[in-house]
Structure formats: C-alpha cells, structure tokens
Amino acid sequence: MPADRVARAAAWLQAWDNQGTHRTATEGDDAGADWLVAEAERLGARVDVESFAVDRVEPVEAFVDIDGTRLEGEKLFDSPDTAPGGTESVQVVELAPFAVYGSEFRGLRKESPVGAIVVVTTGERPGLALLNAESFLSPFGPPVLQVSSVERERVTAAAAKRVTIVSRRVKAVGRNVVVTLPGTDPSIKPLVVMTPRSSWWRSTSERGGGLVCWLEVVSALMASPPRRTVVMTANTGHELGHIGLEDFLSRRSGWDRSGGATWVHFGANLGATGGRLSVQSSSDELRAAICAELATAGHPAVGGGPWGTVPNGETRDIHLAGGRYLTLVGSNPLFHLPDDCWPHAVDVEAVAGIASAATQLVLTLTR
C-alpha cells in the first residue's frame, strides 16, 4: 500500500480520536461533523449538513447500591428511569452488545416483572461494552442499568441490590454530513455511499475505518466525476436505532426499496486490530466485485452471512425494505468498549487497503 495513503489514513484516524466521545448530538459528535465537513471541502466537494431534532439523553445518576457501596453504570438509552429512590426488585443478566439484535433480550424486557434489570456487559475484552438503544424513539420495559464485566462476581453474588437511574431529555440537533455528486446520466438510479459516524465512545476502530473509506471515495470522485449520481452520507444516530438514517430516508422517498438506489455501506470495525473482515450483500454481483477488489488490495474478506441474512447495521433497514446493497463490516475485540482508541485499536495498513478496494468498487459502479 502506498505510503501516502497509509499516512493519510493515520492522520484522519488520529483527528477522529482527538475529538473524544462521539455520542449522537453531543460536543464530540458535533466536532466530528465539523471535521468531516472541513475534510470533504478540502478535497473539493460541496457539502450539505442535514439537521434534525433529537431529544438527547443526559444521564444524571445510574448505579446499583450493593451493601452500601455504589457501583456506577450506564443507563440503557431506550429504557425508562427508575422511580425516585430506586428499586430493590432487580434481575441480573449477562449480555454482549449484539444481544439487542435478537429476540431473547427484547422478550425479556417486555415480559420481566422486576423493577429493574442489571446487564453485566460481556464484550470480547473486559469493560463496559454498551448496548445500542434500538428503540430510542419508543423506550419500553423496566429500567436497565449496564455495568462492566469486571464487576460480574460482585453483582451476581450480592443478595440485596438497589438500582437507581435518573436522566433527563435535552433538546438537541443531530447532523448528517452529505455530499452529492450529480452524474452525467440522470437516467441511472443513484448510488448511495453511507457510513455511520456516531458511537458510545471514541470508537476509533469501530467508526474510523468507515470514515477513511468515505473520504477516499470523495477524493476519487472529485478526480473522476461519476456517470451516475452519487450521494454520500455520514450519519449520526447509529447507536440510537439509526435515527440519522431515518432522517436521510425521509428526504428521499423510495430510495431504500427495490428499484431505488444502490447502497454501499462502510460499516463497523474496518481495519480494527485483530478483526476479521466480512461482506454482506443482497447481490451476488456486488459481493463478487468487492471480494475481487479486496483480494487485489491484499485484504480479502474471510466471512459473511449467507444470502438473505439480515445485517445488523444501517443496511438492515435497506435489506428489510427490499433494497440493493453491499456492506463491508468487521469484527473487533474492543467493540463498544472505552478502550477502542488510537493507536492500538487500529491496523492502519489494513484501513488503507480496505479503503483502496472500496474506492475502486465505487468508481466501477459509477462509470
């Protein structure tokens, strides 16, 4: 991989990491939007920022009291608060971040008679591996407190526990960063190049690889104008049930359906240290094309669900609507953990190689 591409990827990743926590509609998220706008404009693109209202959750208190000792945690953002003074009716479960995509946890939350649930988070490494708030706009079930896996024995062994969760909703603004490159042939359906840009922590390997891919595509398309219209979006709201994508689609009716746009999604963990890259697609043609480009770049995909598998990220929404899509996504030992930061979390050579392959695919799709 050319040294200049690797150096450029490293510079972008470091800049992202320096912004701090990237939770939707927070200071770090705003810094990420401002930075991405500036970088895209520096590459020559005209950038639009599409804003939408968010009732941001601001935690006030979130803890479990065990024998008089307060153990801090984090509220699950699509669950309610406890009553004032908390509750002693508590159920403890152990869950990984991907549990929110299955029916078991949702069923538990709908049916549980307890006053609160304590989730001991179980990522691949120890720590507080937060769960996404898939029902952010429609909170349900009992209050849910998330605590670090390092506290597992302490929490599970305690006979008496009291959970207290207090938060407030604050009016805020979410921002999607959008670049539109008009094609020379308006009869061709548009191509959407999408990556999420919000998360629970710094999330440098979770989000950074996708953003490097996105910026490299901007650079390439400025040098080689597309035949078909390309709309590039970097969405906030990922960890809150994809509310940024929902706003993007509300402005572009039908683009997610069969016969609408083609979607290329730069998903989570592209180039994460110790990660494995996979491809998900509704199209065998798209899958074969990106696998060929990745192999040429020296970073072949080693996995991927069978045709028809519902993706977990933003292209889940496109899949369920019947749209045409390709997703690049990786695994990550630091997924949703605070320790996902520069430099140890990222394999910069891998990020640059994946970005090179992704750029070549997009250029092919736009010609």
Side-chain angles (χ1 to χ4, degrees), residues 21 23-24 54-170 198-201 203 237-243 312-313 316 334-338:
T21 298
R23 298 189 186 188
T24 297
V54 181
D55 287 334
R56 186 179 67 223
V57 172
E58 289 194 353
V60 178
E61 291 184 314
F63 65 92
V64 54
D65 187 290
I66 300 175
D67 300 324
T69 300
R70 179 164 159 160
L71 173 61
E72 300 289 342
E74 181 71 89
K75 168 193 170 84
L76 184 64
F77 276 27
D78 62 357
S79 70
D81 292 351
T82 60
T87 178
E88 292 183 343
S89 173
V90 178
Q91 179 178 6
V92 178
V93 298
E94 297 180 46
L95 294 172
F98 289 109
V100 299
Y101 302 117
S103 59
E104 186 175 349
F105 183 44
R106 175 171 286 273
L108 169 66
R109 293 173 63 189
K110 286 183 174 181
E111 299 168 9
S112 178
V114 299
I117 296 172
V118 174
V119 173
V120 178
T121 65
T122 55
E124 289 190 41
R125 303 275 175 84
L128 185 58
L130 293 178
L131 280 61
N132 285 345
E134 290 294 289
S135 298
F136 179 73
L137 298 179
S138 303
F140 72 99
V144 179
L145 178 73
Q146 303 170 89
V147 297
S148 170
S149 60
V150 301
E151 304 292 351
R152 176 184 177 275
E153 292 186 11
R154 184 178 171 193
V155 173
T156 56
K161 298 176 277 286
R162 175 178 289 274
V163 170
T164 301
I165 300 174
V166 180
S167 66
R168 58 176 172 260
R169 292 269 181 159
V170 177
S198 67
S199 57
W200 292 117
W201 309 106
S203 306
H238 168 78
E239 76 282 15
L240 305 181
H242 308 164
I243 59 173
N312 289 333
R316 173 194 64 195
L334 298 175
F335 188 60
H336 283 207
L337 287 165

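Keep in mind that this is a model prediction, so the values were computed, not measured. Nothing fancy with the numbering, it's 1 onward along the sequence. Side chains are part of it too, since the values below use all heavy atoms of this structure and drop only hydrogens, waters and symmetry mates.
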Separation of Leu131 CG from His336 NE2 (nearest 0.5 Å) = 8.5 Å

All pairs passing salt bridge (charged side-chain N to carboxylate O under 4.0 Å, His left out) where residues 128-144 contributes a residue, at least two apart = Glu134-Arg316

Minimum heavy-atom distance Ser149-Gly127, with the two atoms named | OG-N, 3.0 Å

Could you name each residue pair satisfying side chain to side chain donor-acceptor pair (under 3.5 Å) that touches residues 86-96, not counting sequence neighbours?
-> Glu88-Arg162, Gln91-Ser112, Glu94-Arg152

With sequence neighbours excluded, residues passing side chain to side chain contact (heavy atoms under 4.5 Å, CB included) with Pro338 = Trp201

What residues, two or more places apart in sequence or in another chain, satisfy side chain to side chain donor-acceptor pair (under 3.5 Å) together with Ser148?
-> none

ring-ring contact (aromatic ring centres under 6.0 Å, His included): pairs with one or both residues in residues 81-140, sequence neighbours excluded | Phe98-Phe335

Using side chain to side chain donor-acceptor pair (under 3.5 Å) as the criterion, list what pairs up with Asn312, not counting sequence neighbours.
-> none

Counting only N and O atoms by type, is there a donor-acceptor contact under 3.5 Å from the side chain of Thr121 to the main-chain atoms of Val147?
-> yes

Any chance you could measure Leu145, atom CG, to Thr82, atom OG1, to the nearest 0.5 Å?
-> 9.5 Å

What heavy-atom pair brings Gly237 and Ser198 nearest, and what distance separates the two atoms?
-> N-OG, 3.0 Å

Side chain to side chain contact (heavy atoms under 4.5 Å, CB included) with Ile117: of Val144, Val163, Val92, only one passes, and it is Val144

Apply the side chain to side chain contact (heavy atoms under 4.5 Å, CB included) test between Glu151 and each candidate in Leu128, Val120, Leu71, Ile66; give the one that qualifies.
-> Leu71

Verdict with supporting geometry, Leu130 and Arg23, side-chain contact (heavy atoms from CB on, under 4.5 Å) | CA-CA 12 Å; Leu130 293 178; Arg23 298 189 186 188; 3.6 Å; yes

For Glu239 and Thr24, indicate whether the former's side chain and the latter's backbone hold a donor-acceptor pair under 3.5 Å.
-> yes

Of the non-hydrogen atoms in Gly115 and Pro142, which two are nearest, and what is the gap between them?
-> O-CB, 4.1 Å

Min side-chain heavy-atom separation Pro143-Pro80 under 4.5 Å = yes

Could you tell me which residues satisfy salt bridge (Lys or Arg N to Asp or Glu O under 4.0 Å) with Arg106, sequence neighbours excluded, listed by chain and number?
-> none

Residue pair Val54, Ile243: steps toward the side-chain contact (heavy atoms from CB on, under 4.5 Å) verdict | CA-CA 9 Å; Val54 181; Ile243 59 173; 4.2 Å; yes

Using the ring-ring contact (aromatic ring centres under 6.0 Å, His included) rule, collect all pairs that involve residues 63-87, keeping only residues at least two apart or in two chains.
-> Phe77-Trp200

Hey, mind stepping through Val57 and Lys75 against side-chain contact (heavy atoms from CB on, under 4.5 Å) and telling me if it holds?
-> CA-CA 9 Å; Val57 172; Lys75 168 193 170 84; 4.2 Å; yes

Between Asp78 and Arg109, which heavy-atom pair has the shortest distance, and what is it?
-> O-NH2, 2.9 Å

In terms of heavy-atom contacts, Asp55 and Arg169 come closest through O-NH1, 3.0 Å

Tell me, please, which residues at least two apart from Ser199 pass side chain to side chain donor-acceptor pair (under 3.5 Å).
-> Ser203

Restricting to pairs with a member in residues 57-69, which pass salt bridge (charged side-chain N to carboxylate O under 4.0 Å, His left out), not counting sequence neighbours?
-> Arg56-Glu58, Glu58-Arg168, Glu61-Arg70

Can you run down the salt bridge (charged side-chain N to carboxylate O under 4.0 Å, His left out) pairs that involve residues 111-128, sequence neighbours left out, and say none if there aren't any?
-> none

Take Val119 and Leu76 through the test side-chain contact (heavy atoms from CB on, under 4.5 Å) and record every step on the way to the result.
-> CA-CA 9 Å; Val119 173; Leu76 184 64; over 6 Å; no

Partners of Thr122 by side chain to side chain donor-acceptor pair (under 3.5 Å), sequence neighbours excluded?
-> none

